[in-house]
Structures are given as C-alpha cells and as structure tokens.
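Let me begin by presenting the structure, written as structure tokens, before commenting on it.
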Amino acid sequence: MIKVPNIILVGPMGAGKTTIGRLISQSMSKEFYDLDKVIEDNAGADIPWIFEREGEDGFRKRETQALTAIIQEDTGNSVLATGGGIVMRKENRDLLRDDALVVYLYASVSQQLYRTSKSTHRPLLQTGDPKATLRKLFEVRDPLYREVATLVIETDARHPKAVANKVLDAIKRHLNMETSVS
Ligand SMILES: Nc1ncnc2c1ncn2[C@@H]1O[C@H](COP(=O)(O)OP(=O)(O)O)[C@@H](O)[C@H]1O
Ligand SMILES: O=C(O)C1=C[C@@H](OP(=O)(O)O)[C@@H](O)[C@H](O)C1
Ligand SMILES: [Mg+2]
C-alpha cells in the first residue's frame, strides 16, 4: 500500500487551488484545509480586514503561523490549498518542501485575471490595473512555485474536474514511480 503524503497546492490567484484542493481531497478521502480560511478563522476576520488593519506584513506573519501549525500537525492525510503568496517567504518554502507532495497549478495571467475578475476578496487585486499586478506577481513568483513543486499541472483550457483528474493521475504516476525505483 503506497503511503500518500500530504498534498499541498501552490500557484497564483485564480489558479484553482481552493477549488481543485476540495475536489481532490474528496476523491482521495483526505482532510481539506484552505490556508486562507484557516487564517480567517484564527483571526476572526476576513482577509481584506487583516490587510486593512495589519497590512500585508501582518497577513504574511499569520500565513506563516498557520502553515507552520498545519505542517507540524502533519496528519499525513490532508490536502492543503495555500494562498498565492505563500512562496514569497523562504521559511514558507522550506516548510512546503518538508514532507509534502507539492503541486503547482499553472494558469496564464489572462486566465488568472478572468477567474478573479469578480472577486473583491483579494486585496492585492483591488487596483486600477489588476492585470499588471498579476503579471508582476507572476514574474516574481513563477520561479518560486517551480522551486518548491514536485508536479506542475496546466490548468488553462481545462474545467476544474478535468484539472482535478489530471492532478490525481499525476500524483498516482509520481508515487508509483517512486516506489518502483526505491
Ligand atoms: N480550471 C478552471 N477553469 C475555470 N475556472 C476555474 C478553474 N479553476 C478554478 N476556477 C474558478 O476560478 C475562481 C478562482 O478559483 P480558486 O479555487 O478560488 O483559485 P485560487 O484558490 O487558486 O485563488 C473560482 O471562481 C473557480 O470556480
Ligand atoms: O497572491 C497573494 O498574495 C494572495 C492570494 C490569496 O489567496 P488565493 O491565491 O487563494 O486567491 C490570499 O492568500 C491573499 O489575498 C494574498
Ligand atoms: Mg484560494
């Protein structure tokens, strides 16, 4: 029986981390955690409020605390959807690589923009030019997602269920390969 590690999803805003994370947790009968929701539950406030009152720095501190707690809990039986900025801090990147299988959900900037266009829950996108913001973030973060990722899954032109199936297949192939070479 192959032991399936914790699965952690990384990627830009709108890549589908929360949506796909929930779908694959159901298919794998694993616990699902959305890091943003954990942060909001811990704070008793939503993300826009945290950014407003504590700044992005305050949010990033909460993000690292929440990630640390989940990784330390290490049920070995969870799927974690992170927020798009999780890779910005080295301490987070080190935690991500710990014992989890990290999946980078890739989405083009135009798909990121399209999928987040109705959202008012993302303070970083409440700007005059969200496309320029997404492009700038992507230039900095894409290499960092790739640094921590075990698997990279393309999400453009795929419906959420098709992305979830793609992720599940890739995880199965990766784990079989690991056991076959060990
Ligand atoms: N592959 C996809 N194709 C089309 N829409 C998607 C896809 N993945 C997610 N979405 C939609 O995009 C929006 C953002 O998805 P979400 O899971 O919140 O992304 P993230 O957590 O990465 O920011 C949601 O409305 C979701 O339904
Ligand atoms: O990219 C970012 O810096 C952020 C992404 C958001 O999560 P999603 O990627 O789930 O939207 C949330 O953590 C916060 O608004 C900051
Ligand atoms: Mg999300």
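Keep in mind that the numbers below use all heavy atoms, side chains included, and drop hydrogens, waters and symmetry copies. In this text the structure is predicted, and so the values were computed from the model without any measurement. Both ligands and their constituent atoms are indexed starting at 1 by order of listing.
Using a 3.5 Å distance cut-off with no hydrogens or angles, the side chains of T155 and R115 do pair a donor with an acceptor.
The residue among S119, G84, G14 with a heavy atom at the shortest distance from atom 4 (C) of ligand 2 is G84. The option with the heavy atom closest to atom 14 (C) of ligand 1, from among K166, R122, Q111, R158, is R122. Of the listed options H159, E154, R115, R115 places a heavy atom closest to atom 12 (O) of ligand 1.
Closest protein heavy atom to atom 10 (O) of ligand 2: D36 OD2, 3.4 Å. Protein heavy atom at the shortest distance from atom 1 (O) of ligand 2 is R141 NH1, 2.7 Å.
Other residues, nucleotides and ligands contribute only 12 or fewer heavy atoms inside 6.0 Å of the CD atom of E52.
The CD1 atom of I153 sits 7.5 Å away from atom CZ of R158, with the distance rounded to the nearest 0.5 Å. Atoms CG and OH, on L67 and Y33 in that order, are 13.0 Å from each other to the nearest 0.5 Å.
For ligand 2, the atoms closer than 4.0 angstrom to any heavy atom of G83 are 7 (O), 9 (O), 13 (O). Listed by number with element, the atoms of ligand 2 under 4.0 angstrom from any heavy atom of L124 are 2 (C), 3 (O). Which parts of ligand 2 touch P123 is read off a 4.0 Å heavy-atom cut-off, strictly below it: atoms 15 (O). For ligand 2 and K17, the ligand atoms under 4.0 Å from any heavy atom of the residue are 8 (P), 9 (O), 10 (O).
Checking only distances, E56 never comes within under 3.5 Å of ligand 2, N or O to N or O. For the pair R60 and ligand 2, the shortest N or O to N or O distance falls below 3.5 Å.
Residue contact check for ligand 1: G14 places a non-hydrogen atom closer than 4.0 Å to it. Residue contact annotation: A81 has no non-hydrogen atom under 4.0 Å from ligand 1. Assignment of P12 to the shell around ligand 1 is supported, since a heavy atom sits closer than 4.0 Å. Residue contacts with ligand 1 leave out K118, since none of its heavy atoms falls under 4.0 Å from the ligand.
The proximity of T18 to ligand 1, defined as any non-hydrogen pair under 4.0 Å, involves the side chain as well as the backbone.
Residues F138 and Y106 place their aromatic rings such that the two centres sit under 6.0 Å apart.
The shortest distance between side-chain heavy atoms of L35 and K17 does not fall below 4.5 Å.
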